[in-house]
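Below is one structure, written out as structure tokens, with a few remarks after it.
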Amino acid sequence: MERTFGIIKPDAVKNGFSGKIIDRIESEGFKIIGMRKLSLSKADAEKFYAVHKERPFYGELVAFMTTGPVVVLCMQKDNAVKAWRDLMGATNPADADANTLRKLYAESIEANAVHGSDSLENAKIEIEFFFSDKDLVA
Ligand code: IDP
Ligand code: MG
């Protein structure tokens, strides 16, 4: 069974959507095997999004991700990486399909409610960034 990594971003936590998003994750058949609420430090956000360092929105993205607490998630399901990306919807909520998390809950292309790993390789790296083995309970 595949594992992926997700974040409920500061906008969605602040707007009171954490519970709705977690409910949806479970009703779509994901098993949540790790979950923690935390505040990202600037250094953590910079490191987590280092792959986007050269993109023009990097500084603003790091600033946004440190505006308030987030919920980090490790989720398990068949084809979890793709299934979670599909459930999230397009990066820009204006382009997201109906009933995706970003269509339902995102504020903007930046404050877009959720993060999800884009590959199995990155899922492993991102899970390890936030969770140790003993934090993951299947
Ligand atoms: P993804 O989250 O759908 O994988 P990425 O291209 O990996 O999208 O971008 C990472 C994050 O950076 C997005 O989720 C969003 O928060 C932010 N972002 C992406 N494109 C823009 C933009 O054009 N302006 C502002 N923020 C952006
Ligand atoms: Mg991405």
Side-chain angles (χ1 to χ4, degrees):
M1 191 95 64
E2 201 167 288
R3 291 178 178 182
T4 194
F5 174 77
I7 304 179
I8 304 175
K9 293 188 180 184
D11 60 307
V13 172
K14 177 195 72 192
N15 290 329
F17 296 140
S18 304
K20 288 182 167 64
I21 291 170
I22 291 164
D23 186 27
R24 183 72 185 279
I25 289 168
E26 293 193 320
S27 68
E28 296 286 344
F30 293 88
K31 186 168 187 181
I32 296 171
I33 61 172
M35 179 163 62
R36 196 149 52 92
K37 187 172 184 178
L38 57 94
S39 292
L40 282 173
S41 66
K42 185 163 180 275
D44 281 345
E46 284 172 347
K47 195 172 163 207
F48 183 77
Y49 279 118
V51 43
H52 296 308
K53 213 163 21 196
E54 307 307 327
R55 293 173 80 176
F57 56 80
Y58 176 68
E60 283 178 24
L61 175 61
V62 166
F64 162 64
M65 290 299 289
T66 59
T67 54
V70 300
V71 177
V72 295
L73 296 151
C74 180
M75 297 165 283
Q76 189 167 284
K77 190 185 196 300
D78 284 334
N79 298 310
V81 171
K82 181 177 188 304
W84 175 234
R85 296 289 306 190
D86 288 349
L87 181 57
M88 292 199 307
T91 307
N92 186 346
D95 302 329
D97 288 343
N99 212 28
T100 58
L101 295 173
R102 282 168 165 168
K103 179 58 94 184
L104 292 169
Y105 302 122
E107 291 182 352
S108 66
I109 190 170
E110 177 182 84
N112 60 0
V114 282
H115 165 85
S117 307
D118 59 9
S119 66
L120 197 52
E121 184 190 1
N122 283 333
K124 190 170 184 300
I125 292 167
E126 293 177 356
I127 290 165
E128 284 173 2
F129 192 91
F130 287 102
F131 296 104
S132 61
D133 277 347
K134 68 174 169 39
D135 298 325
L136 301 175
V137 186

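Nothing fancy with the numbering, it's 1 onward along the sequence.
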Please answer whether the main-chain N or O of Glu46 pairs with a side-chain N or O of Tyr58 as donor and acceptor at a distance below 3.5 Å.
-> yes

Where the side chain of Arg36 meets the backbone of Phe130, is there a donor-acceptor pair that is under 3.5 Å apart?
-> yes

For a quick test of your reading: what N or O donor-acceptor pairs under 3.5 Å do the side chains of residues 131-138 make, sequence neighbours left out?
unit_1: Ser132; atom_1: OG; unit_2: Asp135; atom_2: OD2; d: 3.1
unit_1: Asp135; atom_1: OD2; unit_2: Ser132; atom_2: N; d: 2.9

Check: Thr66 side chain, Val62 main-chain N or O, donor-acceptor pair, under 3.5 Å | yes

Minimum heavy-atom distance between Ser39 and Pro69, given as atom pair plus value | OG-CA, 4.0 Å

Thr67 OG1 to Lys14 NZ distance, which is reported to the nearest 0.5 Å = 6.5 Å

For Ala90, what residues pass the side chain to side chain contact (heavy atoms under 4.5 Å, CB included) criterion, not counting sequence neighbours?
-> Asp95, Ala96

Which residues pass the side chain to side chain contact (heavy atoms under 4.5 Å, CB included) test with Ile22, sequence neighbours left out?
-> Ile8, Ile32, Met35

Side-chain donor or acceptor of Glu2 paired with backbone N/O of Val81 under 3.5 Å | yes

Determine, using the 4.5 Å side-chain heavy-atom cutoff (strictly less than), whether Val72 and Trp84 are members of one ILVMFWY cluster.
-> no

Student check: side-chain heavy atoms of Phe30 and Leu73 closer than 4.5 Å = no

Mind checking what makes side chain to side chain contact (heavy atoms under 4.5 Å, CB included) contact with Ser41, not counting sequence neighbours?
-> Ala43, Asp44

Please report, to 0.1 Å, the donor-acceptor pairs under 3.5 Å made by any side chain of residues 104-118, with sequence neighbours excluded.
unit_1: Glu107; atom_1: OE2; unit_2: Asn15; atom_2: ND2; d: 2.8
unit_1: Ser108; atom_1: OG; unit_2: Glu110; atom_2: N; d: 3.3
unit_1: Ser108; atom_1: OG; unit_2: Ala111; atom_2: N; d: 2.9
unit_1: Asn112; atom_1: OD1; unit_2: Lys9; atom_2: NZ; d: 2.7
unit_1: Asn112; atom_1: ND2; unit_2: Thr91; atom_2: O; d: 3.1
unit_1: Asn112; atom_1: ND2; unit_2: Ile109; atom_2: O; d: 3.3
unit_1: His115; atom_1: NE2; unit_2: Glu126; atom_2: OE1; d: 2.9
unit_1: Ser117; atom_1: OG; unit_2: Phe5; atom_2: N; d: 3.4
unit_1: Ser117; atom_1: OG; unit_2: Phe5; atom_2: O; d: 3.4
unit_1: Ser117; atom_1: OG; unit_2: Glu126; atom_2: OE1; d: 2.7
unit_1: Asp118; atom_1: OD1; unit_2: Asn122; atom_2: ND2; d: 2.7

Verify same cluster id: Val51, Ile127 (apolar side-chain graph, 4.5 Å) | no

Is the count of non-hydrogen atoms from other residues, nucleotides or ligands lying under 6.0 Å from Lys103 atom NZ greater than 12?
-> yes

Side chain to side chain donor-acceptor pair (under 3.5 Å) involving Glu28 - partner list, sequence neighbours excluded | Arg24

Given Ile7 and Met65, is the side-chain contact (heavy atoms from CB on, under 4.5 Å) satisfied, shown in steps?
-> CA-CA 10 Å; Ile7 304 179; Met65 290 299 289; 4.2 Å; yes

